[in-house]
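So you know, we letter chains A, B, ... as the sequences are listed, proteins then strands, and number each from 1. FYI, side chains are in, hydrogens and waters are out, and symmetry mates aren't considered; it's all heavy atoms of this structure.
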Amino acid sequence: MSELATAATAGHTERSGSLWADAWRELYRNPVFVVASVVVLIVMSWAVFPTLWTSTGTDGGTCELVDSRLGPSSEHIFGTTFQGCDMYSHVINGARPSIIIAVLVTLATTLIGVALGVIAGFYGGWLDTVLSRITDVFLGLPFLLGALVFLALLGEQNIWTVSAVLVVLSWPPITRIMRGSVIQVKALDYVEAARALGASNMSIIFRHILPNSIAPVIVLATLYLGGFVSAEATLTFLGVGLQIPEISWGITVAQGQDYAIAGYPHLLIFPCAALIITVLAFIVMGDAMRDALDPRGR
Amino acid sequence: MGRYVLRRLLQFIPVLLGTMFLLHYLQTVSIQINGNPITALFGDRQPPPQTLAAITTAFGLDDPCLQQTGNPCLGMFLDRMSGYTQGDFGVDFNRQPITRLIADAAPVTVRLTIIAVLFESLVGILAGVVAGIRKNGFADNFIRLSTTLVISVPVFVLGVLVQIGSGLYVGVWLRDNGAPEWLSAAFSVTYQTDHPWASLLVPGVVLGAFSLGFIARLTRTSLIETLRADYVRTARAKGLSRRRVVGIHALRNSLIPVVTYIGIDLGALMGGALVTEGIFNIPGVGGLVFGSVAAGETPVIIAVVTMLTLVFLLASLLVDVLYAVLDPRIRYE
Amino acid sequence: MTEPAHATPDRAASAGHGEMVVSVRDAVKHFPITQGIVFQKTIGHVRAVDGVSFDLHRGETLGVVGESGCGKSTLSRVIMGLIPASSGSVNLLGDELVGMRERDLRKVRRNVQIIFQDPYASLDPRMTVGGIVGEPFRIHPDFAPRGDRRGKVQELLEVVGLNPEHINRYPHQFSGGQRQRIGIARALALRPQIIVCDEPVSALDVSVQAQVVNLLERLQEEFDLSYIFVAHDLSVVRHISDRIAVMYLGKIVEIGDETQIYEHPTHPYTQALLSAVPVPDPALRGRREQIVLTGDVPSPANPPSGCRFRTRCFKAQDICAEKEPALVSRDGSVQPSACHFAKELDVIHATR
Ligand SMILES: Nc1ncnc2c1ncn2[C@@H]1O[C@H](COP(=O)(O)OP(=O)(O)OP(=O)(O)O)[C@@H](O)[C@H]1O
Ligand SMILES: [Mg+2]
């Protein structure tokens, strides 16, 4: 983020700046990107400051079974859940686990993936061989099946275990992309020039290799954010993710499913809409970033 | 080429063993930490110790290494591998061989997958071509928007929404208006054994929707790139019609990555099938996993997922080899 | 055409070029060729540099010329210790680089810098000119205290003929020639004594080439630099070099001063290269005898026996396949020439 910001300020003083500055300028002029970012910020604020949005508190407020499955009204603008809780409050509070997991897992996978990718790509040799084979093994597990098995076997299912399992299954693609990107940059003359100047490996990695090879990973990480929101909800829906006293969109949908068929569509519409809009916003952001950073795709 | 294929085959073996070991180790550690899964299965009504011991032995979970936390139980792993090579994937809690369960369930999943793949590739490629030919036109923008939307909807959300929409509203309306039975079966809430294809139609569409979005995008980008290539410009300069250029020259070449994607996508389809079959109550392999997760039958989960992983790895291998045959530009380092 | 100063037979020994700054003896660099499906096996070597010896004196310029792939870049990197030599000796200002630890190499390296061929790949696109030219100071903080750096960078930009106010611009905002000047400024920052120029002008327009060569010459005088100047054709190095080494497949085939190489070439390969050099004399244009080399350059992984040039040589005899000619002075040649039949031939003025 700060990388983007500094590049952007540098870009202001000149007619045309670096790749980051150009990309940034293009992004904040792209209305689709701006709208998506605003949506993301709003959902993030649901997760971090739910009390700004609802007065019922983070536990979803008091639930009266007599109020079960009420349609939208002025008192409950999204109606009530089948347990008689306020649906609006559940939609707001359901953002928290999704966002926490998505951000946590994205940060961790990016960190692990980038570190391993740099090590494999920069140092090469047997390290690269070993790391690449391990990556292959983890890529061999189909994502959702793998997550399901891991969680089913772990026995304990909460924010931390779900995050851990998602991290274990999602670092390999980042490592692969980073490795390829590093190998490309490593061969360039400016890296050799830095070596000729007496720069250490660490300094070369942080000054030259990382800034020039990280762009595809940043794009992927943004798309990952949306993917993890979706993955958390899916696993929770399947029963191997978050468990009941937690409030999560996946749980709300799973509970609403049976009753929605019986004629209460609002039990599904609101949590599904929240989920779709959140994932959509992340994916649109990622797409816009890819277009801005890689002009070939246009 | 031959070298590449050979190398790819030989690399496949350690990856296969590694993935199998990963699954095995996971189960071992989980038993070492959580205790015997058989005990957990019976919950409050524990059988007498002898019965419990007998069942434990039947599942091969009596190895003493399962008492030592962290022990990878290599002996068990080797037994298991040799079992796999003889087609022995163990039994479920009713002493049914898991291979039989899968054999019963697989045809349903295969039908579902065929429907999904047909749907996603036909509609996806068509949409991609329409968008790619008239880049930035109305159709292009519309298709780009809708594919982004489709990609953003988690499969289970699409599943439950479509189930209600098609089953409740369309299906009921069809039945009330005397539509043929197979047609109302296609729009029913659950799978119907009498209509093995028709009642999988809607779940198949749900399953294929996510990949449809990717295929459409991939076709579009790939076509745009090919249309820019020199040989396509030459073909146009020679006076060939646009239709011919797109149809013969560009499309054939831009479909290579798309075909590869459809092959690689199998892993995502498996995950999707799990969700879809769970929602629509389809007795396929995904339904089997879904059911075992709900029942906590870990040996079944492991065996089924191991088998699915095998299929997935074999499919990726096949795709890689096919890709090498189709696209001579591939680099054999 | 010939500058008087360059005409002395061994300028290095006579005109103030006393001290030796680089001394290379039998330097060899073999890249292993590996093959294998599971285990990588070494099945051969690319002999990129295969027994090269030469000296470089203070203030002198050694031109290195040869076709693409003959090992010029590899030799440049070996001299700098950027690629470790497989064997032989590379002595840089009294320090032996071969076998030196990476950590010590880093210290020694600041005395020798490199200018690259491709001005687009040699500057980090994410850094401003100030960052690029200031990088040496960041790596060696003792060289310029923090506060001085900006001033020093601007000074350097001025020295290479760039506007010091452009310090905040990015590389892509400059032309190829200007970028090459940025690269030169970076190479000068640590006040090195030796600069290796790996085809510094090959990627530039002809008009810009001369400007950059002139700049390099001016800097040489100003900072008392020694140059190793690599090029793939003889016309580029003529103007700037005191001595020229002609390379073929990892070996030096002839080495001598300007008159020796251009007026009295003795190796058939040098003669062939020279016959392809365009001449400014309109009377000779189009009437010169061209020595056309037949065949392709053999693979450096599997060079011909005996003399490496024999497969394409118009003078080849049986002995050439059996005995490798040493790089020595012979009856027909004043300067060292690696040919059994070394004999002078004035190709530049030869007409049909
Ligand atoms: N890292 C490496 N690994 C294997 N082979 C290499 C490596 N670097 C160079 N070579 C080989 O060594 C030989 C000499 O290469 P080098 O780059 O030194 O040639 P060059 O004379 O600089 O050519 P050019 O004029 O094209 O720059 C070539 O055959 C090249 O393929
Ligand atoms: Mg070179």
Side-chain angles (χ1 to χ4, degrees), chain A residues 32 132-156 168 223 226-227 229-231 233-234 236-240 249-250 253-254 256-257 260-263 265 268-269 271-273 275-284 287 296-298, chain B residues 11-12 14-23 26-27 29-31 33-34 37 40 135 144 148-149 151-158 160-161 163-164 167-168 189 221 224-225 266-272 274-275 278-279 289-290 292-294 296 298 301-302 304-305 308-309 312-313 316:
Chain A
V32 179
S132 298
R133 287 296 88 77
I134 296 178
T135 314
D136 286 346
V137 167
F138 279 85
L139 280 175
L141 280 178
F143 183 77
L144 199 57
L145 281 183
L148 186 92
V149 176
F150 276 45
L151 282 166
L153 291 178
L154 268 174
E156 191 143 327
V168 166
L223 294 171
V229 168
S230 166
T234 306
T236 301
F237 175 82
L238 290 176
V240 291
W249 293 333
V253 174
Q257 188 194 1
I261 292 180
L268 282 186
I269 289 174
C272 286
L275 190 52
I276 293 173
I277 289 171
T278 308
V279 178
L280 184 65
F282 279 122
I283 289 189
V284 165
D287 273 356
R296 263 181 319 147
R298 265 173 255 160
Chain B
Q11 271 180 359
F12 174 73
V15 169
L16 187 73
L17 284 175
T19 313
M20 298 289 117
F21 180 74
L22 194 67
L23 285 169
L26 202 70
Q27 189 189 14
V29 171
S30 119
I31 293 175
I33 294 174
N34 297 334
K135 194 181 149 205
R144 270 201 297 172
T148 313
L149 189 67
I151 286 172
S152 308
V153 181
V155 180
F156 81 95
V157 171
L158 190 66
V160 293
L161 291 181
Q163 187 185 32
I164 288 168
L168 219 54
V189 179
T221 333
I224 289 174
E225 223 151 79
L266 202 64
L269 272 180
M270 284 176 179
L274 179 89
V275 177
I279 290 174
V289 179
F290 197 80
S292 333
V293 169
T298 44
I301 308 178
I302 287 283
V304 177
V305 170
L308 288 177
T309 306
F312 172 60
L313 285 174
S316 336

Considering only heavy atoms, which portion of [X] lies under 4.5 Å from any heavy atom of chain B: side chain, backbone, both, or neither?
X	value
A/Leu280	both
A/Ile134	neither
A/Ile283	side chain
A/Phe150	both

### Task
Sort B/Val15 into side chain, backbone, both or neither according to what part of it lies under 4.5 angstrom from a heavy atom of chain A.
both
### Query
Relative to chain A, which segment of B/Phe21 carries a heavy atom at a distance below 4.5 Å: side chain, backbone, both, or neither?
neither
### Message
So which residue, A/Ala152, A/Gly226, A/Ser230, A/Ala281, ends up with the most heavy-atom pairs under 4.5 Å with chain B?
### Response
A/Ser230
### Message
The test is side-chain contact (heavy atoms from CB on, under 4.5 Å); show your working for B/Leu23 and A/Leu141 and say whether it passes.
### Response
CA-CA 9 Å; B/Leu23 285 169; A/Leu141 280 178; 4.0 Å; yes
### Task
To the nearest 0.5 Å, tell me how far A/Leu139 CG sits from B/Leu313 CG.
10.0 Å
### Nearest atoms (heavy-atom pairs only) where A/Val137 meets B/Gly18
CG1-C, 3.5 Å
### Message
For B/Thr309 versus A/Gly140, what's the shortest heavy-atom pair and its separation?
### Response
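Minimum heavy-atom contact is CG2-O, 3.3 Å.
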When you compare the side chain of [Y] with that of [X], does any pair of heavy atoms fall below 4.5 Å?
X	Y	answer
A/Leu153	B/Ile302	yes
B/Phe156	A/Leu238	no
B/Leu308	A/Pro142	no

### Check against side-chain contact (heavy atoms from CB on, under 4.5 Å), A/Phe237 and B/Ile279
CA-CA 10 Å; A/Phe237 175 82; B/Ile279 290 174; 3.8 Å; yes
